[in-house]
Every structure is written in C-alpha cells, then in structure tokens.
Amino acid sequence: MVDYLLLAGSGFVAWIVSTLGGGGGAMLLVPLVGFIAGAQAVAPVTTLATIVAGVGRAFVFWENIDWSVAKWGLPGAVLGGFLGAALFSRAPAEWLQIVVGLFLVSTVVQYRFGRKEKTFEVAKWWFFPAELVTGFLDGLIGAVGPVMNSLYLNAGVTKERMVGTKTAVSLPAHLVKIGTYTTLGAMGGQLWLFGLAAGVGALTSNWLAKRLLKDMPELRFRAIIVGFMALSGITMIWQQRETIGALF
C-alpha cells in the first residue's frame, strides 16, 4: 500500500511541475518507479501513468490545442512510439539517454535562461520528423524529458497552447506504446497497478496546474521551461553515471 501512495503522491507533484515546465512529468517518476519495480519497469509504468494523466489534461486544455501543429506531430509521435516500444526489450539505451541529457542541458545557453524568445525559425512540418525521433527515444528509454520544448518555443507555441498541443500529440502515441509493451510481454500484473496509482495522482493535479499556469507571465514561463529542461538533462546524465564511469 505504501508503494501505491508514494506513486500517487509523486504523480500529483510531478504533473504540476510538468504543466508549469512544459512536460517531463514522467522523468520525475523514473527514480521512484525504478526503485519500487526495477529499471525494466520504468518505461511501461510511466507510459501508463502518462496516459491516465493525459486524458484529464486533454479535457482541461482542449480549447488551447493548436491543431495546425498537432496534425504534423501526431503521426510522427505514434510511429516513433511504436518503433521505440518494439525495440524496448532488445536495445541498450544508456548512451541515447546521455545524448538527450546533454541536449537538454545545452538549452540554458541557447535561450539565455529564458530571456531569448527564439533561437531559430520553425516550419510546422518539422514536427513530424521531430516527434518521430522523440517518440522513438521515449519508447526506448521510457522518458526523454521535455526535449520537444525547444521546437514548441521556437514555433511560438507557449503556456496553455504548449501543454494542450503536446498532450494531443503524445496521448495517442502513449496508447500505441502501452499496447506494444503489453503485446511483447513487458507490461502486466502489478505494473498495471503501479502505473494506475501514479496516473490517478497525476490526473488530479491538472485543474490546479492550469490555474497556476494561467496567471504566469510569459517570461517566467520561458525561464521555468528552460530551467526544467536543463534539470531534466542533468538528471538523465546522473542516472547513467555508472555507464560514463566505466569509460575511465
């Protein structure tokens, strides 16, 4: 019972941070899920939690979804998520996580701690290949943090529009991933209960998080986004410290 309460509480906190930071809620669950259920359970459990939380978030942020972006990102995310989940049990992903982590840390310099609005111009069709790669990595690693935030910021999709649009893109992809994990035998038994516990906690946070986001100034939002991206990157690199240490 304690495990379920810890997961529910962590899901609640993680998804408030995720809403204010533009994603990455699953990243905050990774250490706890790994401790309770083992490293191999991280991807399936966090995916299920994200689905449960995402249903509520899609409802709360429905009117903020930018469908001109979602129509490009959604097919890429679904295809990438399926491919990553299909390779989940067979491919080593440690160095991929380190590379993603380094990219996230670099955003602090790119955006000058949130003071810079854009670092490059973005065409909306870019969301298809970008979500394809991100979905693949997410399916393989289990959580890649708010790695897509850079593209959303440069496309001018921020605050409620970012949260709503990212949810519309990612939710179907996560459904494909959980189906693939289940079919391949990587999801079953108690892992369903762990994922549901974290997801229910996350689900209840959506309404509070939207109220907090509504009153937040744009500059502060960008600063939080960039800071959270960097923190997620540091966390991902730290999780692979043994892999890095093996080189020396």
Side-chain angles (χ1 to χ4, degrees), residues 1-62 64 81 85 138-139 141-149 159-160 162-179 181-182 186-216 221 224-225 227-229 231-232 235-236 239:
M1 180 60 71
V2 174
D3 289 343
Y4 299 118
L5 291 175
L6 284 173
L7 286 166
S10 297
F12 180 84
V13 174
W15 258 261
I16 288 181
V17 175
S18 170
T19 301
L20 301 182
M27 270 297 304
L28 300 179
L29 286 178
V30 167
L32 182 60
V33 173
F35 175 75
I36 292 175
Q40 197 67 13
V42 167
V45 171
T46 56
T47 296
L48 180 57
T50 303
I51 290 171
V52 176
V55 170
R57 182 175 281 181
F59 175 78
V60 172
F61 289 91
W62 184 265
N64 304 115
D138 192 62
I141 298 171
V144 293
V147 72
M148 281 294 296
N149 284 358
K159 294 189 67 177
E160 291 93 342
M162 178 189 285
V163 175
T165 306
K166 289 183 70 175
T167 301
V169 169
S170 65
L171 185 55
H174 287 308
L175 289 169
V176 170
K177 283 165 53 184
I178 204 69
Y181 291 141
T182 304
M187 182 65 173
Q190 196 173 27
L191 297 187
W192 283 98
L193 298 178
F194 286 150
L196 289 172
V200 169
L203 177 66
T204 60
S205 74
N206 284 312
W207 287 266
L208 173 60
K210 185 174 183 179
R211 290 185 63 183
L212 295 173
L213 186 61
K214 182 179 180 180
D215 298 327
M216 184 180 294
F221 176 76
I224 292 175
I225 286 282
F228 189 57
M229 289 171 74
L231 181 61
S232 297
T235 302
M236 295 178 78
Q239 288 170 351

Task: Heavy-atom closest contact (G54 atom, T167 atom, distance) - done: O-CG2, 3.5 Å
Open item on the list: I need the K159 NZ to D215 CG distance, nearest 0.5 Å.
Closed with: 7.5 Å
Task: Distance in Å, E160 CD paired with L213 CG, rounded so as to fall on 0.5 Å steps - done: 4.5 Å
TODO: Output, in order, the C-alpha distance, side-chain angles, deciding distance and verdict of side-chain contact (heavy atoms from CB on, under 4.5 Å) for L48 and Y181.
DONE: CA-CA 10 Å; L48 180 57; Y181 291 141; over 6 Å; no
Open item on the list: Looking at every heavy atom in both V200 and V52, which two are closest together, and how far apart are they?
Closed with: N-CG1, 3.9 Å
TODO: Could you tell me whether the side chain of W15 reaches within less than 4.5 Å of the side chain of T50, counting heavy atoms only?
DONE: yes
TODO: Quick one: pull up CG in L6 and CD1 in I36 and give me the separation to the nearest 0.5 Å.
DONE: 5.5 Å
- [ ] Report the distance from atom CG of L191 to atom OG1 of T47, rounding to the nearest 0.5 Å.
- [x] 11.5 Å
- [ ] Go through the side-chain N and O atoms of K166 and N149 and say whether any donor and acceptor fall under 3.5 Å apart.
- [x] yes
Task: Non-hydrogen side-chain atoms of K177 and I51 separated by less than 4.5 Å - done: no
Task: Contact summary for A168 and P172, nearest pair of heavy atoms - done: O-CD, 3.2 Å
Task: Approximate separation, where rounding is to 0.5 Å, of N206 CG and F12 CZ - done: 10.0 Å
Open item on the list: Measuring only between side-chain heavy atoms, which start at C-beta, is F61 closer than 4.5 Å to M162?
Closed with: no
Open item on the list: Could you go through N64 and K210, starting from their C-alpha distance and side-chain angles, then the distance that decides it, and tell me whether this counts as side-chain contact (heavy atoms from CB on, under 4.5 Å)?
Closed with: CA-CA 11 Å; N64 304 115; K210 185 174 183 179; 3.6 Å; yes
TODO: For residues I178 and W192, determine if any side-chain heavy atom of one lies less than 4.5 Å from a side-chain heavy atom of the other.
DONE: yes
- [ ] Considering non-hydrogen atoms only, spot the tightest contact between I16 and A209 and give its length.
- [x] CA-CB, 4.2 Å
Task: Over 12 foreign heavy atoms within 6.0 Å of CH2, W62 - done: no
